Amino acid sequence: GVIPNWIGRWASLVILDLSNNQINGSVPSEIGTLTSLLTLNLSNNQITGLVPSEISKLNNLTSLILGWNNLSGVITQEILAGLTSLRWIDLSSNSLKIAVHANWLPPFILQYAYFASCDMGPQFPTWLQSQIEIVELDISCAGIFDSLPGWFVSTFSNASWMNISYNGVSGTLPTNMEAMESLRRLYFNSNHLTGPIPKLPQSLSVLDISRNFLSGPLP
């Protein structure tokens with residue numbers, strides 16, 4: 001069935017987890033009245049339609065988990081601007097486009113960010129430069145056709161898991177990647193990377209840089 005409109009009456013609700021069901025229909029705009037929410041998890045359902053702009057009213061929300069649905073439309077910076085407490089976001093495996101201004105500065109600092117199959121390109125998302133506490137980042141299959149920014153290593157120095165596979169990322173890998181001492185798993189496969197493989201973090205346990213155009217000796 002669907003999420004009923006009367007869910008908006010639960011003004012004191014702190015956690016709403018309806019994940020892993022067979023819920024269809026859209027997310028009701030009344031969700032925006034649940035201003036006490038810390039966690040909203042609607043993942044792995046059959047929910048369709050747009051992400052309602054009223055979600056921006058949830059300024060206490062720390063976890064927004066909407067992945068693995070059939071959501072569509074555009075996620076604008078106006079929708080994200082009110083989520084000042086956000087630490088975890090998962091919009092993976094929907095048909096969503098993330099459209100924000102190039103100089104937009106998010107009001108939140110994320111630790112876990114999953115955007116697999118969201119349209120975030122063609123440029124590398126510049127707003128990620130402010131996300132210096134990222135632990136896990138998934139921007140795979142995100143329509144990115146750009147080189148890695150100069151701030152890549154310094155911004156993601158705390159990351160332990162990164163998936164940037166299945167894009168059109170070009171240019172070379174950063175020469176100072178060895179400094180990413182927290183990195184355990186790195187997936188950079190199926191891109192357009194060229195040039196040599198630099199020294200990599202000794203902490204790595206999984207590395208996939210296959211299906212690129214890398215050359216030269218192994219470090």
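Computed from a predicted structure; not experimentally measured.
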[X] side, atom [atom1]; [Y] side, atom [atom2] - distance, nearest 0.5 Å:
X: N69; Y: S19; atom1: CG; atom2: OG; answer: 10.0 Å
X: M162; Y: D138; atom1: CE; atom2: CG; answer: 10.0 Å
X: F156; Y: Q129; atom1: CZ; atom2: CD; answer: 9.0 Å
X: S56; Y: L83; atom1: OG; atom2: CG; answer: 7.0 Å
X: L71; Y: S93; atom1: CG; atom2: OG; answer: 11.0 Å
X: L80; Y: I55; atom1: CG; atom2: CD1; answer: 10.0 Å

side-chain contact (heavy atoms from CB on, under 4.5 Å) between I134 and T155, intermediate numbers included: CA-CA 8 Å; I134 284 287; T155 294; over 6 Å; no
Side-chain touch [X]/[Y], heavy atoms, less than 4.5 angstrom:
X: F152; Y: I164; value: yes
X: W127; Y: H101; value: no
X: S53; Y: E78; value: no
X: V74; Y: I79; value: no
X: I139; Y: F124; value: yes
X: M177; Y: L186; value: yes

When you measure from the side chain of [X] to the backbone of [Y], do you find a donor-acceptor pair of N or O atoms at a distance under 3.5 Å?
X: N167; Y: V169; result: no
X: S203; Y: E181; result: yes
X: N45; Y: S43; result: yes
X: S85; Y: N59; result: yes
X: S29; Y: P52; result: no
X: S117; Y: S92; result: no
X: N24; Y: Q46; result: no
X: N21; Y: I23; result: no

Give the C-alpha distance, both sets of side-chain angles, the deciding distance and a yes or no for side-chain contact (heavy atoms from CB on, under 4.5 Å) between V51 and N94. CA-CA 11 Å; V51 175; N94 287 288; over 6 Å; no
For residues 211-218, run the donor-acceptor check on the side chains, cut-off 3.5 Å, and write out each pair with its distance to 0.1 Å, sequence neighbours left out.
unit_1 : atom_1 : unit_2 : atom_2 : d
N212   : OD1    : N191   : N      : 3.3
N212   : OD1    : H192   : N      : 3.4
N212   : OD1    : L193   : N      : 3.0
N212   : ND2    : F188   : O      : 3.1
N212   : ND2    : I209   : O      : 3.1
N212   : ND2    : S210   : O      : 3.2

Answer with yes or no whether the hydrophobic clustering places [X] together with [Y]; edges join I, L, V, M, F, W, Y residues whose side-chain heavy atoms lie under 4.5 Å apart.
X: V100; Y: I132; value: no
X: L105; Y: L128; value: no
X: W10; Y: L40; value: yes
X: I15; Y: I7; value: no
X: L50; Y: I31; value: no

Using the rule given for side-chain contact (heavy atoms from CB on, under 4.5 Å), can you reason through I89 versus L110, listing the C-alpha separation, both sets of side-chain angles and the distance that settles it, and then say yes or no? CA-CA 8 Å; I89 187 169; L110 298 171; 3.8 Å; yes
Y166: what forms a ring-ring contact (aromatic ring centres under 6.0 Å, His included) with it, not counting sequence neighbours?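 Result, ring-ring contact (aromatic ring centres under 6.0 Å, His included) vs Y166: none returned.
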Do N41 and T39 pair up side chain to side chain, a donor and an acceptor below 3.5 Å, judged on atom types alone?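 No, T39 and N41 have no side-chain donor paired with an acceptor closer than 3.5 Å.
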Minimal non-hydrogen separation, [X] against [Y], with atom names:
X: V153; Y: P174; result: CG2-CB, 3.7 Å
X: P4; Y: P28; result: O-CG, 4.1 Å
X: L58; Y: L34; result: CD2-O, 3.2 Å
X: M120; Y: P125; result: CE-CG, 3.8 Å
X: P106; Y: S130; result: CD-OG, 3.4 Å
X: N60; Y: L38; result: O-CD2, 3.3 Å

Apply side-chain contact (heavy atoms from CB on, under 4.5 Å) to residues L96 and F115 and explain how you reach the verdict. CA-CA 9 Å; L96 294 169; F115 296 100; over 6 Å; no
Supply the members, apart from [X], of the Ile/Leu/Val/Met/Phe/Trp/Tyr cluster built from side-chain contacts under 4.5 Å; use none for a lone residue.
X: I109; answer: none
X: W68; answer: none
X: I65; answer: W88, Y112, Y114, V135, W161, Y187, V206

Decide if atom CZ of R185 counts as having more than 12 heavy atoms of other residues, nucleotides or ligands within a radius under 6.0 Å.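 Open: at most 12 neighbouring heavy atoms sit under 6.0 Å from CZ of R185.
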With sequence neighbours excluded, residues passing side-chain contact (heavy atoms from CB on, under 4.5 Å) with N20: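 If we apply the side-chain contact (heavy atoms from CB on, under 4.5 Å) test to N20, skipping adjacent residues, the hits are N44.
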